[in-house]
Amino acid sequence: PKPTEVTPAVIMKSYACQRRTPLKHHNSFLTEALEILAENAEFSENEGRSVAFRRSASVLKALPYVVRAMNELKDLPCLGEHSLRVIKEILEDGTSSEVESTRQSEQFQAMKALTGVFGVGARTADRWFREGLRSPEDLIRTGQKLNHAQQAGVQYYTDLNTPVTEKEAMVISDIVEKAVKAVLPGAIITLTGGFRRGKEVGHDVDFLITHPEEGAEERLMPKIVNWLEDQGLLLYQKTTRNSYLESKDGPARPPSNMDRFERCFSIFKLEQAQVNSDTRLEASSCNFGTTDGTQECHSGSSWRAVRVDLVVSPYSQFAFATLGWTGSKLFERELRRWAGQEKGMSLSSHALYDSKQQRYLHAISEEDIFAHLGLEYIPPSERNA
Ligand code: DCP
Ligand code: MG
């Protein structure tokens, strides 16, 4: 090959929040493989290993070219020995034996099926796996004791594992808008999560709600939920109260990455007619049935179940909440790591605390927060780390 064909060097910053990561990139054949290994590490609750694979994949997502040879990777950050071995195998053989055997393994497939039930995490799924259970059908057949979320998860399993389309997200946005405006005029509703980053499908639809008058948003969620329930739009909901200010010492730093906003995990009953106003209704979906064994098989049904997350934030925290709820999950993690390790600051979805100055930094926009952190502003569509 002519020397001029060498791929130009790219400057790749090491934190994902310092880079632009588009939704569509050039190296899916590698990133999908690395993400199988990341997912498998999550199933065994090995967070360090999972994050290492996710960071490697994320670097490849930010590359402006297709990786064809190992020497094109030599100056890139975050690529550990294990990831490099996997990449090398794929470049040479087309597939990685480790990735393929993981993908085919009974444990991986069972963990995927069981954690695919709403309300089931890796720990519960792993316990079930060790008891010999492999699928949601097994949970029904053996009469496993399930909590309310998991019962809904089994009942609407197929629907909840069918990706939510942009069109469906828009219809749900209209419904949420209507509900919120009905109970609190002047409220502001933002679509967050993957759809804000430009994703065409999602596993759920995420919304953040606030009101310009601080305090007007307090205890708003039960009102929204009541409105939706009165309209028969909810199949399931669990609301948790805002616990951020419950400690008397002011806006204390949340102990974990979980935020403490008033939040509602819900399952919407979405009328198909509203989504496909011009399409004839087809047999849609067939779910696995209720835990008492009755089939909830609404083949030809006029509606489907969709996961929706609603979050209410006070206006003063809205910029932080918007940034925290837009994702991607890795981008969020990297922002917090950058803040802590490089800036001596602590970032959450509620606030940014500067340890050196011993004060909270004010922000009314996401741009303000990037500026406080000494980072170039990255728009949502390029936070697909
Ligand atoms: N989030 C986070 N950490 C969590 C949960 C959520 O940082 N433990 C933030 C980042 C996510 C956003 O909230 O992007 C929404 O969470 P989702 O799980 O809904 O993820 P996405 O919307 O990004 O993807 P999708 O819903 O398509 O799976
Ligand atoms: Mg989402």
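Model, not experiment: these values are computed from the prediction. Atoms considered below: every heavy atom in the structure, side chains included; atoms not considered: hydrogens, waters and symmetry mates. Whatever order the structure lists ligands and atoms in, that order sets their numbers, starting from 1.
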Per-pair distances, 0.1 Å, donor-acceptor, side chain in residues 226-233, under 3.5 Å, sequence neighbours excluded:
residue: N226; atom: ND2; partner: P222; partner atom: O; Å: 3.3

>> Test: side chain to side chain donor-acceptor pair (under 3.5 Å). Region: residues 108-117. Which pairs qualify, not counting sequence neighbours?
In response: E39-K112

> For A52, does its backbone N or O pair with a side-chain atom of S56 as donor and acceptor, under 3.5 Å?
Replying inline: yes

>> Under a plain distance cut-off of 3.5 Å, with no hydrogens placed, do Q317 and H350 share a side-chain donor-acceptor pair?
In response: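 Their side chains do contain a donor-acceptor pair, which is all the 3.5 Å distance test asks for.
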
> Between S96 and E98, is any side-chain donor less than 3.5 angstrom from a side-chain acceptor?
Replying inline: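 No donor-acceptor contact under 3.5 Å links the two side chains.
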
>> List the residues meeting side chain to side chain donor-acceptor pair (under 3.5 Å) with D354, not counting sequence neighbours, and say none if there are none.
In response: Q357

> Just going by heavy-atom distances, which of K329, R383, R307 is nearest to atom 2 (C) of ligand 1?
Replying inline: K329

>> Using heavy-atom distances only, which candidate in G324, G327, P380 approaches atom 9 (C) of ligand 1 most closely?
In response: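 Among G324, G327, P380, the closest heavy atom to atom 9 (C) of ligand 1 comes from G324.
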
> Among E334, R55, E342, R333, which one satisfies side chain to side chain donor-acceptor pair (under 3.5 Å) with Y15?
Replying inline: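 Answer to the side chain to side chain donor-acceptor pair (under 3.5 Å) test with Y15 among E334, R55, E342, R333: E342.
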
> What protein N/O/S atoms sit under 2.8 Å from the Mg ion (ligand 2), by chain and number?
Replying inline: D204 OD1, D206 OD2

>> Can you tell whether the side chains of K61 and E35 come within less than 4.0 Å, N to carboxylate O?
In response: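 Result for this pair is yes, salt bridge flagged.
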
> Under a 4.0 Å N-O cut-off, is there an ion pair linking D138 with R141?
Replying inline: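 Answer for the salt bridge query: yes.
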
> Judging by distance only, is a nitrogen or oxygen of S328 under 3.5 angstrom from one on ligand 1?
Replying inline: no

>> Test your reading of the structure: does G194 have an N or O sitting under 3.5 Å from an N or O of ligand 1?
In response: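 The answer is yes, given that G194 and ligand 1 share an N or O pair closer than 3.5 Å.
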
>> One residue to check: H203. Relative to ligand 1, which of side chain, backbone, both or neither has a non-hydrogen atom less than 4.0 Å away?
In response: both

>> Applying a heavy-atom cut-off of 4.0 Å, say which part of D204 lies close to ligand 1: side chain, backbone, both or neither.
In response: both

Can you list the ligand 1 atoms lying under 4.0 Å from a non-hydrogen atom of [X]?
X: R197; result: 14 (O), 23 (O)
X: G202; result: 27 (O)
X: K199; result: 24 (O), 25 (P), 27 (O)
X: E332; result: 7 (O), 10 (C)

> Strictly under 4.0 Å, does any heavy atom of R333 approach an atom of ligand 1?
Replying inline: no

> Is the closest heavy-atom distance from T326 to ligand 1 below 4.0 Å?
Replying inline: yes

> Atom CD1 of I90 and atom CG of L30: how far apart are they, to the nearest 0.5 Å?
Replying inline: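 If I round to the nearest 0.5 Å, the distance is 5.5 Å.
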
> When the aromatic ring centroids of Y244 and F261 are compared, is their separation below 6.0 Å?
Replying inline: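 That pair fails the under 6.0 Å test.
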
>> Both conditions, 6.0 Å and 45 degrees, for the charged tip of R307 above the ring of F265: are they met here?
In response: no

